[in-house]
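Here is the structure we will look at, set down as structure tokens.
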Protein chains: 2
Amino acid sequence: MLNFTPNSLKMTQDLSTELKIKEAAKRVFMAKGFDGCSTREIAKEAGMNVALVNYYFRSKGQLFQLIFRAALEDFMLSMVDVFSTDLSLESKMRIFIEREYDFLTKHPEMPGFIIGEMSRADGCGAGNMYWMKDKIAETGIFNDIQKAQEAGEIRKMDLLSIALILMSNCHFPFLGKPFVQNALHVSDEHYEQQLVLHKQYVTEMMINYLFINK
Amino acid sequence: MLNFTPNSLKMTQDLSTELKIKEAAKRVFMAKGFDGCSTREIAKEAGMNVALVNYYFRSKGQLFQLIFRAALEDFMLSMVDVFSTDLSLESKMRIFIEREYDFLTKHPEMPGFIIGEMSRADGCGAGNMYWMKDKIAETGIFNDIQKAQEAGEIRKMDLLSIALILMSNCHFPFLGKPFVQNALHVSDEHYEQQLVLHKQYVTEMMINYLFINK
DNA sequence: ACTCATTTTAAACAAGCGTTTAAAACAAAG
DNA sequence: CTTTGTTTTAAACGCTTGTTTAAAATGAGT
């Protein structure tokens, strides 16, 4: 009998368990963080035996690294592919903000997870993310910005500040939700509704500031 | 013999150990989070016996609540007292941003700690922070904003969006430092230098956007 | 039916956890 | 010196942690 699945003969159960654990781990790690959960909790969430976690992924740490890197790649993907188009710089930024709000609305726990776990002592430190800048550079966005600065179209400021302005106004509304919501007594519904308007506000604010009006 | 110290006869050692533990706990909790550290680690950091932590603070959880609430109050204090002055709304905002950057430069781990621990499942949830909005309201800043909106001086937008714009551009540069720094290969020195400029950029950007030019 | 490698299981491991205990050390008062 | 209350200590408690083990179950090839 023909079998097209590599590395394994029975696939239904096989890949299923590995995937189930990986997806359970993703859910649990993102909700509680590396320190905030146990191997047994992940196993239970996946409906599997504890030992299977280590059978497929060797250790809690390695499973975490897998999840973390995947999350990081997801996180970058929505950014990067907008920059690769041949739209104007202003359009790129507008669409970038749009996409960022879309993505974060679907995955609101993402920025907290990544930033939170990156600050951990033994968290996936510097070395693991060296590919990121290169990935962004490949899109040519850095050149676009430099050209636009030389042409006097956008304000001459360090790339870091441009990145900070964009990320601050896209990510903080999701990152800081638990704090801001409690501090101002805002309901979930009102918060989510306001985010739609907020996206438009910050788009206008940032474009107005970054781009020099003739 | 007269004794003015309450609840205790010898004070030098007494308050010293309690304070040492509290300060060690503050350091450790802020660096590693509630789940990321142990009672024994706090005791060792304070140079004290493990049991003393529970002798003075009953449990790890109660000690944490103490530290967390104190951090939250510190966090609010720098905001609130600017708003209580009788400066113009624009001046208040300018000084607010200035103070916020000053405070966060001295305590860069603060926003990550507060936001991170607030998202924890059993973290100090809603009930504990009901005082915050009242504390801000007492300063009259909410009225100032409403008046300014009715007078057409500042843009008519929900209070939530105004708060989000201010906090995003003040807190994210510190919150997201580990991520942004790694993503763009930025050294500590450059990052800190740029933050001084960044503060001026975002001040101009926010004021320009929020206040309607005649 | 038997083989053999893979997958799953229950049980166990040492280590670390938060917390408690009971005794020791201490310091002031009578 | 003895008493009395507080502070500090070492040791232990029961429990959970990450990980390993060795046996059981599984399923395809011969």
Side-chain angles (χ1 to χ4, degrees), chain A residues 1-25 28-29 31-68 117 120-123, chain B residues 1-25 28-29 31-68 117 120-123:
Chain A
M1 176 203 177
L2 289 173
N3 183 1
F4 296 101
T5 59
N7 298 335
S8 176
L9 298 175
K10 54 167 174 168
M11 82 161 262
T12 47
Q13 286 277 22
D14 216 5
L15 283 182
S16 169
T17 45
E18 189 171 339
L19 222 152
K20 269 180 194 166
I21 293 172
K22 208 145 75 177
E23 281 174 350
V28 177
F29 277 142
K32 310 207 184 186
F34 182 82
D35 291 327
C37 72
S38 67
T39 316
R40 282 169 174 84
E41 193 176 349
I42 293 171
K44 182 175 278 182
E45 171 82 13
M48 303 286 162
N49 189 290
V50 206
L52 284 175
V53 175
N54 284 8
Y55 175 74
Y56 281 104
F57 303 97
R58 298 194 63 81
S59 76
K60 186 191 180 189
Q62 287 204 27
L63 174 54
F64 178 80
Q65 283 223 1
L66 212 75
I67 302 296
F68 184 79
E117 298 296 328
R120 272 213 354 270
D122 66 337
Chain B
M1 176 205 174
L2 289 173
N3 183 0
F4 295 101
T5 59
N7 297 335
S8 177
L9 299 175
K10 55 167 176 170
M11 81 162 261
T12 46
Q13 285 278 24
D14 215 5
L15 282 182
S16 169
T17 44
E18 190 173 339
L19 221 153
K20 271 181 194 164
I21 293 172
K22 208 146 74 176
E23 282 175 349
V28 176
F29 277 143
K32 310 207 184 187
F34 182 82
D35 291 327
C37 72
S38 66
T39 316
R40 285 168 172 85
E41 193 176 349
I42 293 171
K44 182 175 277 182
E45 171 82 13
M48 303 286 163
N49 190 290
V50 206
L52 284 175
V53 175
N54 282 10
Y55 176 73
Y56 282 104
F57 302 98
R58 297 195 63 82
S59 77
K60 186 192 180 188
Q62 287 204 27
L63 174 54
F64 177 81
Q65 283 223 0
L66 212 75
I67 302 295
F68 184 79
E117 298 297 328
R120 274 214 352 271
D122 65 337

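So that the names make sense, note that chain A is the first sequence line, chain B the second, and so on, each numbered from 1.
- Atom CZ of B:Phe57 is separated from atom C1' of C:dT19 by 16 Å (rounded to the nearest Å).
- For the pair A:Lys60 (side chain) and A:Cys37 (backbone), a donor-acceptor distance under 3.5 Å is present.
- The heavy-atom pair separating A:Arg120 from A:Asp35 by the smallest distance is CD-OD2, 3.2 Å.
- One can place NZ of A:Lys60 at 15 Å from P of C:dG16, the figure rounded to the nearest angstrom.
- Minimum interatomic distance between A:Ile21 and A:Ile42 (heavy atoms only, all atoms of both residues): O-CG2, 4.2 Å.
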Produce the list of close N/O pairs, under 3.5 Å, pairing protein atoms with atoms of nucleotides 13-15 of chain C; give distances to one decimal.
none

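- Closest approach of A:Ala25 and A:Leu63 over heavy atoms only: CB-CD2, 3.7 Å.
- Proximity of A:Thr17 to the phosphate of C:dT7: no side-chain N or O atom is located under 4.0 Å from OP1 or OP2.
- Rounding to whole angstrom units, NZ of residue B:Lys32 and C1' of C:dG16 are separated by 14 Å.
- We find that CZ of B:Phe34 is positioned 13 Å from P of C:dC17, with the value rounded to whole Å.
- Residue B:Val50 is classed as a base contact, given a heavy-atom separation below 4.0 Å to a base.
- Checked against D:dT17, C:dT19, D:dT20, the side chain of B:Ser59 finds its nearest nucleotide in C:dT19.
- The heavy-atom pair separating A:Ile67 from A:Lys22 by the smallest distance is CD1-O, 3.4 Å.
- Distance, A:Tyr55 OH to C:dA11 P: 21 Å, rounded to whole Å.
- In this structure, the CG atom of A:Asn49 is 17 Å from the P atom of D:dA22, given to the nearest Å.
- When each of B:Met48 and A:Glu41 is assigned the nucleotide of DNA chain D with its nearest heavy atom, B:Met48 is the one assigned upstream, toward the 5' end.
- Side-chain proximity of A:Ala51 to the nucleotides D:dT8, C:dT9, D:dT9 is greatest for C:dT9.
- Scanning both residues, A:Ala46 and A:Lys20, for their nearest heavy atoms gives CB-O, 3.8 Å.
- As a whole-Å value, the separation of B:Asn54 CG from D:dT7 P is 16 Å.
- Relative ring orientation between B:Phe29 and B:Phe64 is described as perpendicular, the plane-to-plane angle rising above 60° on a 0-90° scale split at 30° and 60°.
- Listed pair A:Ser38 / D:dT17 meets the phosphate criterion, a side-chain N or O lying under 4.0 Å from OP1 or OP2.
- Distance from the side chain of B:Tyr56 is smallest to D:dT8 among D:dT8, C:dT8, D:dT17.
- Atom-to-atom, CG of B:Leu52 to P of C:dC26 comes out at 14 Å; the value is rounded to the nearest Å.
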